[in-house]
Amino acid sequence: MSTTGIYGGKRTGVRVVVAGDRGTGKSTLISAVATEAFDRNVPPVLPPTRLPADLYNDLVPLTVIDTSSSLENSSKRNEELKRADVVVLTYACDQPMTLSRLSTYWLPELRHLGVKVPVILVGCKLDLQDEQAPMSMEQVMSPIMQQFREIETCIECSAATNSQVPEVFYYAQKAVLHPTTPLFDQERQALQPRCISALRRIFTLCDHDMDGALNDSELNEFQVKCFNAPLQPAEIVGVKRVVHEKLPDGINDIGLTLSGFLFLHALFIEKGRLETTWAVLRKFGYDDDLKLADEFVPVPSKRAPDQSVELTTEAVEFLKGIFRLFDTDNDGALQPHQLEELFATAPESPWSELPFEDAAEITASGNLPLNAFLSEWALMTLIDPKKSMANLIYIGYTGAPASALHVTRRRSVDRKKQKTERNVFHCFVGSIVANFNLRSFSKSDTTATGERFAVNVVNQVGGNKKTLVLREIPEDEVKTFLSKKTFLAACDVAVFVHDSSSEHSWKRSRELLVEVAKQGEESGYGVPCLLIAAKDDLDPYPMAVRDSLGISQELGIEAPVRVSMKLNTMNDVFNRILSVAEHPHLSIPETETRKNRKKYLQVVNRSLMCVSVGAAAAFVGLAVYRAYSARRNASG
């Protein structure tokens, strides 16, 4: 059982692995911190050493792992390094060669092993160092730290004099519990973008009157929430004075502005008080990656493969309000900078990467209308509910998660009830047409698997609005996808697009339709299907028209929809797709095998009914006969 790790969002221990050249004082250093004494006769390699939780203020125990520097033990050492939360690399202050080996061997070796944890450089045997050393420690370490950004701290110590020995492991623990890199860019000497986003969100949450500054009351409430103690009036004055002296616009007539709030945290970090900023971040739910920890983003976890997740009316209304708030020019669309500002309190814009990038229709000027904005949210909720919930919280949603997300009824139940209550429909599109798309996908719209997504709101007759998500399945990926039993469970309607002028396109589309029909029957997740004949402006392949009508009748689905992008005759195709999806019990293709099985079951059922009726007649006849016999005997 591991002695370190994270439980319930809180770290239960820190695993420190100590490595370095032979004779640099690794084992003596560990022995000295554990026993608070200097022992000249320590074993070459110590067993794992557990330091008590109350050794430092964070009350988190440390497990210190000693390692051998010998070549024959390198495999074991490497395994320990890969399991480390933090690595302590030692050199001997009286042996300059061991110092140069840090940058020529040890640090490159950590990178080679893929060890991505903080590193503490420790100079041991400080008492033996030549007092006439030509350069200071800062001069020596600065170029090494520039080259290897994973180095968190450098420190020199002496086990013999017990000088700075406890500090070595304090910094090791601090590097894990309060890491610098997520918060501060040493090269730029500035807060990291994610740190700014997180602090901006915290500032916004604490600015209850939304006047752009934290007044004394709000500042005190923030202090009590994070540190369980209010600021005294003199302390508030002192904080404001420090900020105003260094950053005049950090304070206004109301109180501490956002720029002042960010400045204070940068100051804490520069002065080595990272635990202050981390305490604030963790109080507001952030993990080490400056994203909301899992326990702060609860989402429905139990759902069947044929259930999906949608935004509730409450969440949609919240998003409409946010849209209006950032649409400062009231033109009904968000400009790129307005959208960037909207997501300024999130770690990054959730739609800057696939599959969300360019999935919704934008205006000719590159802006995002309300319907497209809501469509992106619907798509994100459908394929990644946790990401959707997290981003709702980032941009200011404070309601209960249960009031934001809704798990739909099972599609199998919808089929039995012959209706659906869904507002978002997931359409799988199989396209066997070169350069044809149901919406003009951008080139960057293709994911690593070759899938493409498009989403938009469809206005129905009567004023209703539904969201249609189109997921294009690459032709060469169909078999791979269909090999997964539950693949069709997430589908509301499958659309097969073929080039009406091409024999190959039609035949391949027909094959895919049959494959989907078979998979639906075998898996129990049959889906409504629709054929779309594209390029209707060209001379049709003669057999395609007749065959497509025949196959539609044979499988029991609607006749193909004929469209032409060139002639701009789309035949209301999106409403046609939606109509098929909204009738989950219709247009489900039936193969001959399925039809024969149904006929067989009908024959069996009829036979059983005949047997039942015959048995009932026999029973009645027997009862009548017995009654007749009884009367005859009585008269005799």
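With hydrogens and angles left out, the side-chain atoms of E80 and T67 include no donor and acceptor closer than 3.5 Å. For the residue pair H406 / N423, no side-chain donor-acceptor distance below 3.5 Å is found, with atom types taken as modelled. Defined by atom type and a distance below 3.5 Å, a donor-acceptor pair is missing between the side-chain atoms of T408 and E310. Between the side chains of D329 and Q335, at least one donor N or O sits under 3.5 Å from an acceptor N or O. Side-chain contact check for T180 and E152: at least one donor-acceptor pair (N or O, by modelled atom type) lies under 3.5 Å.
The shortest side-chain heavy-atom distance between L177 and W278 does not fall under the 4.5 Å cut-off. The side-chain heavy atoms of L319 and L311, taken from C-beta on, include a pair separated by under 4.5 Å. Counting heavy atoms from C-beta on, the side chains of D54 and L59 come closer than 4.5 Å. Inter-residue side-chain proximity for D288 and R282 is flagged as met; some heavy-atom pair is nearer than 4.5 Å.
A search for salt bridge (charged side-chain N to carboxylate O under 4.0 Å, His left out) contacts involving K76 returns nothing, not counting sequence neighbours. Y170 is linked by a ring pair (Phe, Tyr, Trp, His ring centres under 6.0 Å) to Y56, counting only residues two or more places apart in sequence or in another chain. R111 meets the salt bridge (charged side-chain N to carboxylate O under 4.0 Å, His left out) test with E150; sequence neighbours excluded. For Q147, the side-chain contact (heavy atoms from CB on, under 4.5 Å) test picks out no residue, with sequence neighbours left out. Y397 pairs by the ring pair (Phe, Tyr, Trp, His ring centres under 6.0 Å) definition with F318, not counting sequence neighbours. With sequence neighbours left out, E79 forms a side-chain contact (heavy atoms from CB on, under 4.5 Å) with K82. Residues satisfying the salt bridge (charged side-chain N to carboxylate O under 4.0 Å, His left out) test with E353, not counting sequence neighbours, are K387. With sequence neighbours excluded, the residues satisfying side-chain contact (heavy atoms from CB on, under 4.5 Å) with Q232 are E235. With sequence neighbours excluded, the residues that form a side-chain contact (heavy atoms from CB on, under 4.5 Å) with N371 are N456, V457, K465. Judged as a salt bridge (charged side-chain N to carboxylate O under 4.0 Å, His left out), and not counting sequence neighbours, the contacts of D216 are K240. In terms of the ring pair (Phe, Tyr, Trp, His ring centres under 6.0 Å) criterion, Y286 has no residue partners (sequence neighbours excluded).
Distance check: M389 CE to D384 CG gives 13.0 Å after rounding to the nearest 0.5 Å.
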Which atom pairs, donor and acceptor, lie under 3.5 Å between side-chain atoms of residues 258-271 and protein residues at least two apart or in another chain?
residue : atom : partner : partner atom : Å
S259    : OG   : D249    : O            : 3.4
S259    : OG   : T257    : OG1          : 3.0
H265    : ND1  : T277    : OG1          : 3.0

